[in-house]
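Lettering of chains follows the sequences in order, A, B, ..., and the numbering in each one begins at 1. Source: prediction; values computed, not measured.
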There are 2 protein chains.
Amino acid sequence: MTIPKFAQIKQFIVNNIRSGAWLENQRVASENELAEQFSVSRMTARRALSELTEAGILTRSQGLGTFVASFKSQSSLLEIKNIADEVKARNGNYSCTVLVLESISAVAPIAIALGVEVDSVVYRSVLVHNENEQPLQVEERFVNPALATSYLQQDFTALTPHEYLSSVAPLTEARHTVEAIMPNSEMCQWLNLYHEEPCLQVIRRTWSSSGIVSFARLVSPGSKYRLGGHLTFKK
Amino acid sequence: MTIPKFAQIKQFIVNNIRSGAWLENQRVASENELAEQFSVSRMTARRALSELTEAGILTRSQGLGTFVASFKSQSSLLEIKNIADEVKARNGNYSCTVLVLESISAVAPIAIALGVEVDSVVYRSVLVHNENEQPLQVEERFVNPALATSYLQQDFTALTPHEYLSSVAPLTEARHTVEAIMPNSEMCQWLNLYHEEPCLQVIRRTWSSSGIVSFARLVSPGSKYRLGGHLTFKK
DNA sequence: CAAGTCATCTTGTATATACAAGGTAAATAT
DNA sequence: ATATTTACCTTGTATATACAAGATGACTTG
């Protein structure tokens, strides 16, 4: 028995919840009770309860006790992964084509999103991420030149923009929104779509300690790409 | 100073990372060093480091030390919230209309998704979630009758299907996928769309301890609904 | 009877201590 | 010189103890 004691207690609790034996909002044994049942110290029993609480499986309140969390309270999460990693994970052949790499004058919405002056110069890149030579996602990115001076000199077939930006301006925050859009004709060409079809668009803004670094638009055909996520009591 | 000591240490560390003073993969003071710096016991310093590690902000390895996690390793997460809560959160007027509530014979894809026999009887509901009397999302749901016998007798304008199902068959797991689709004519009618437009579709399958409970399709117009999420070093 | 107090349960914070186990580098033996 | 041992750092697990603070119900007091 090499499994740590606190982990054994966690398993015991999770098993009871997963099996349906303990229902939502039902009370769980107190730290002292668990300590006695498992012949451990209170601090060890406490660790099991605390970690399961942190994981959202239990809820606790001082003076009252510990309870099975209601499923509703758990927010469901979706992961946005790196597309290159995703392709490689399913043994696809990943490649990347650079379509545009330029400096442009920022129109109002771009300037606002990047936190720079309107009509100031910003960098823009458009890449296509391919799986088995078929376009899977278009990445259009606007970059704050003050924070990534030599952006235009990079070879993005070797190093992704995200990786390069992480190295020159360490990221401290990112915000995403996901929506369904209809691609314009330019985007259809980039994605090699004969018939118009709805696309998933992820907007990602990234911050570093010195300000907004970049603003990216990731567009993928609805027929080829989806986001997935799952939520469980495991752990 | 009523802030707990372990929380003060956490703040100190997070501030250093957010400000950019400590870079990715950089080494952080050890438990003993922190304990001395802050005049606390090792266990208290340890708690700060452990909780930040659990939150994905630090990584630790036995024998080596503690390090600032690389931003890349953090998966970006999107939250799928309850739509009624979301509407209420922005002070919208939430309402719900029941369009269909019936038992049908399961065709193959539905039967497979629910884990029941093909052509067996399953329940089906179609609801429209409205914000200020405008359709915001259509929820089409197929339910395993064995696990929610009296599903068809419920009043879903008062209690959402998700809430009802949680009460009769406590959920233990959920899986989601998000994609962009073009709605068919029936869906356009339900969503009150004059012009066809791309929609976000969330597929949600939920499990309880006794099997697959239900299979829901949540469709929202791309122009009215988006998923948001953000990733930060806060906490 | 009603209001306040007290005892006793709960979780929360904090410390001191002990040993286990992983990793590195310097000291030692071959 | 190379290989092994040893010392010393790190994090990981576990215990015993103390007091703080929230919640509840019984008991006491006005």
At a cut-off of 3.5 Å, list every protein nitrogen or oxygen paired with a nitrogen or oxygen from nucleotides 23-25 of chain D, distance to 0.1 Å.
none

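One finds the OG1 atom of A/Thr53 at 5.0 Å from the CZ atom of A/Arg60 (value rounded to the nearest 0.5 Å). Residue A/Thr59 holds its OG1 atom at 7.0 Å from CG of A/Asn25, rounded to the nearest 0.5 Å.
The distance between atom CD of A/Glu31 and atom C1' of D/dG22, rounded to the nearest whole Å, is 14 Å.
When the side-chain contact (heavy atoms from CB on, under 4.5 Å) test is applied to B/Ala29, the partners found at least two apart in sequence or on another chain are B/Glu33, B/Leu34, B/Gln37. Applying the salt bridge (charged side-chain N to carboxylate O under 4.0 Å, His left out) test to A/Glu139 and every residue at least two apart in sequence or in another chain returns A/Arg141. Residues forming a side-chain hydrogen bond (donor to acceptor under 3.5 Å, both in side chains) with B/Ser50 (at least two apart in sequence, or on another chain): none.
The shortest heavy-atom contact between A/Arg205 and A/Ala113 is NH1-O, 3.1 Å.
Each of B/Leu49 and A/Lys5 has a nearest nucleotide on DNA chain D; the 5'-most of these lies closest to B/Leu49.
Looking at heavy-atom distances under 4.0 Å, A/Arg46 makes contact with a base.
On the nucleic acid side, DNA chain C contacts chain B at distances under 4.0 Å to non-hydrogen atoms, with the end points of that region at C/dT13 to C/dT24.
Note on B/Asn32: every side-chain N or O is 4.0 Å or more away from OP1 and OP2 of D/dC9.
When ring centroids are compared, A/Tyr151 and A/Phe156 come within the 6.0 Å threshold.
Contact annotation: the side chain of A/Val122 approaches that of A/Pro145 to within less than 4.5 Å [non-hydrogen atoms, C-beta and beyond].
Comparing the end axes of the helix from C/dC1-D/dG30 to C/dT30-D/dA1, each fitted to five base pairs by superposing C1' atoms of four pairs onto the next four, gives an inter-axis angle of 20° (nearest 10 degrees).
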